[in-house]
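Data block below; observations after.
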Protein chains: 2
Amino acid sequence: MLLAQVEGFLEVARRGNVSRAAEAMFVTQPTLTARLHALERELGEPLFARTRRGMKLTDAGRAFLPYAERAMRAVRDGRQALADARSASAGRLVLGAAPAVSTYVLPALLQRFAGAYPRVEVAVRTGHSEDVLQMLLREEVQLAMVRALRHPDIESIPLYEEALVLVVPPGHSFAERSKVGIADVASERLIFFDRTSSYYELTQAFFLSLGVTPREVMELDNIESAKKMVQRRLGIALLPRTAVAGELAAKTLTQVSVTDAPAVSQKIVVIRRRDQGRPSGTVAAFLNLLRDSDPAAVA
Amino acid sequence: MLLAQVEGFLEVARRGNVSRAAEAMFVTQPTLTARLHALERELGEPLFARTRRGMKLTDAGRAFLPYAERAMRAVRDGRQALADARSASAGRLVLGAAPAVSTYVLPALLQRFAGAYPRVEVAVRTGHSEDVLQMLLREEVQLAMVRALRHPDIESIPLYEEALVLVVPPGHSFAERSKVGIADVASERLIFFDRTSSYYELTQAFFLSLGVTPREVMELDNIESAKKMVQRRLGIALLPRTAVAGELAAKTLTQVSVTDAPAVSQKIVVIRRRDQGRPSGTVAAFLNLLRDSDPAAVA
DNA sequence: ACGCGGCCATAGAAAACGCCTATAGCTAAG
DNA sequence: CTTAGCTATAGGCGTTTTCTATGGCCGCGT
């Protein structure tokens, strides 16, 4: 059964006239006649009674009518749903994000996204990069923004380089000095956060590579607390730039560059399952938004 | 868009595998692949992501899925509705009937019909033959059982000959006489019913044609009352045979033949609009039942 | 009365389409 | 390194669909 036949049936049923219906459907009248005949043959029942002044539904036709309408409506709605999905004018987007991304970068991005696609439902799931990767592999999220990591089933798009910066409380002795060396840092009390996070390892590796054993004085499980500790002068910390941008601007924390140490940073990427084909709909829309903005800057 | 494509989409979505789905649909794998491609091309969006181990729905495919299911279900249900209508195993039948038919003939017929087609909804509208004809022309009823009348837009099928019989109360002098002539009848008090009914004209014409002026003593608007009047010995009446069959059998009324007068009767037919094509479904079922039974006898 | 116009059905030819078999291309697993 | 299991592609064939042109029917208006 062709949908064109069903559509022709409906059109003729509405107009009671094959010729007009054919015209409206941009086919010739014999074509439409043939479609109707084919449909009637397939259904084994005349759908129309042919009269002098046109086509009139038979009882069978009347019985079939609502189903034909339902079928056409379903197809029409399906097309619309696809169009919506394509333009991302509606749909659902499930993101995963590492905590630092989720807290300091995502809000501004999602604000822009929600403004552009108000009818899209957005969900965010947070976790350490490795956990978020698992969510992606289990298809619990469609995209994830995490630190760069590799896995055969995923592809990554670089987002930004997240620098770890040394922050000290305002008025700290480092703040006035023109030169702060790694040795100076090692003599300070250090505040770390979240031993289970990749930041911890990264920071540790940083000091160890320089032959410095950091004096760990405190370990917190979230960045926000770490910032508070620094502000209370309990130590200094190496924190993601995006996480302290606000405090630096408000001058409630001060950034210090270490002259004799390389910049430490980690790459933040957005990852996606390879087996999902080309990104489409809300996913594509979000990726475009990422491409068009500097995620580290919008925050 | 071909329904076969939608069906293929659903089958592949379910199985995640073109080859198996093709097998299940009794087509070759390339055929099904082509259908999917055509559908994706028409919708302008890949519905599946091709992976090493088969076909996986894309987000777009997932969005389209429920609509595809809905469309297929609508078509399937439509077919079923037609099949039901054809076998008259379900549906609706709206009948019109003249009062005498409705009261004395239809009940037995409908009892049989309802037994054969228990899921068919039956509605009966009653009125004088001319009114019922109008209902039919306005398509308020699908069939009507009335006295024979003609109209260019209807076709009639003869049902039975309804004889008008002279009935007298038990013990009436006529009941014992071997011969009752029209002159005898004229001397009796006569009971008529319903001046607006065709029976009235018919009965009047009968007497007039014989040069007899009936002594009308009473006119009622329904047959049932007329029978009661005769039983109470208020007169004698010429009534439809089908309407008095019960009383004759129970001997609460007695039939008398008039020797010197022709039998008077009228044809009862079932009528139908000409422009409705071949009867189908419940209508055909009822017509078959009429053809297979003697309506005057079943009562 | 008679032609005209509007209706659906039919005929025949050209084009398009769908289906098949066979095969290629790819990847994962043995 | 082959094999097995996917889907995609190619080419040929048969059917279907579509078109134009025409037929037949009936009602309407001149």
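Throughout, a chain's letter reflects where its sequence line sits, starting with A, and its residues are numbered from 1. The shown structure was predicted, so the numbers you read here are calculated from the model rather than taken from an experiment.
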Any salt bridge (charged side-chain N to carboxylate O under 4.0 Å, His left out) involving residues 66-80 of chain B? Give me the pairs, sequence neighbours left out, ordered by first then second residue.
-> A:Glu42-B:Arg79

Quick one: ring-ring contact (aromatic ring centres under 6.0 Å, His included) partners of B:Phe113, sequence neighbours excluded?
-> B:Tyr117, B:Phe286

Residue-phosphate contact under 4.0 Å: A:Arg50 side-chain N/O, C:dA9 OP1/OP2 | yes

Under 4.0 Å from any heavy atom of chain B: name the first and the last nucleotide of DNA chain D that qualifies, 5' to 3'.
-> D:dC6 to D:dT9

Under 3.5 Å, side-chain donor or acceptor atoms of residues 18-28 of chain B against the rest of the protein: list the pairs with distances, not counting sequence neighbours.
unit_1  : atom_1 : unit_2  : atom_2 : d
B:Thr28 : OG1    : B:Thr31 : OG1    : 2.9

Reading nucleotides 18-30 of chain C 5' to 3', which nucleotides get B (base under 4.0 Å from a protein heavy atom), which S (sugar-phosphate only), which -?
-> SSBBB----SSS-

For A:Leu47 and C:dC8, what is the distance between atoms CG and C1' respectively, to the nearest whole Å?
-> 16 Å

Does the side chain of A:Glu162 come under 3.5 Å of the side chain of A:Tyr199 through a donor N or O and an acceptor N or O?
-> yes

Got a sec, which residues hit side chain to side chain contact (heavy atoms under 4.5 Å, CB included) with B:Ala38, two or more places apart in sequence or on another chain?
-> B:Gln5, B:Arg41

Results of side chain to side chain contact (heavy atoms under 4.5 Å, CB included) for B:Asp153 - residues two or more places apart only = B:Leu137, B:His151

Would you please confirm or rule out a distance under 4.0 Å between OP1 or OP2 of C:dC8 and any side-chain N or O of A:Thr33?
-> no

ring-ring contact (aromatic ring centres under 6.0 Å, His included) partners for A:Phe9, two or more places apart = A:Phe48, A:Phe64

Indicate every side-chain donor-acceptor pair of residues 90-102 of chain A with a distance under 3.5 Å to a residue at least two apart or in another chain.
unit_1   : atom_1 : unit_2   : atom_2 : d
A:Arg92  : NH1    : A:Glu121 : OE2    : 2.6
A:Ser102 : OG     : A:Thr126 : OG1    : 3.2

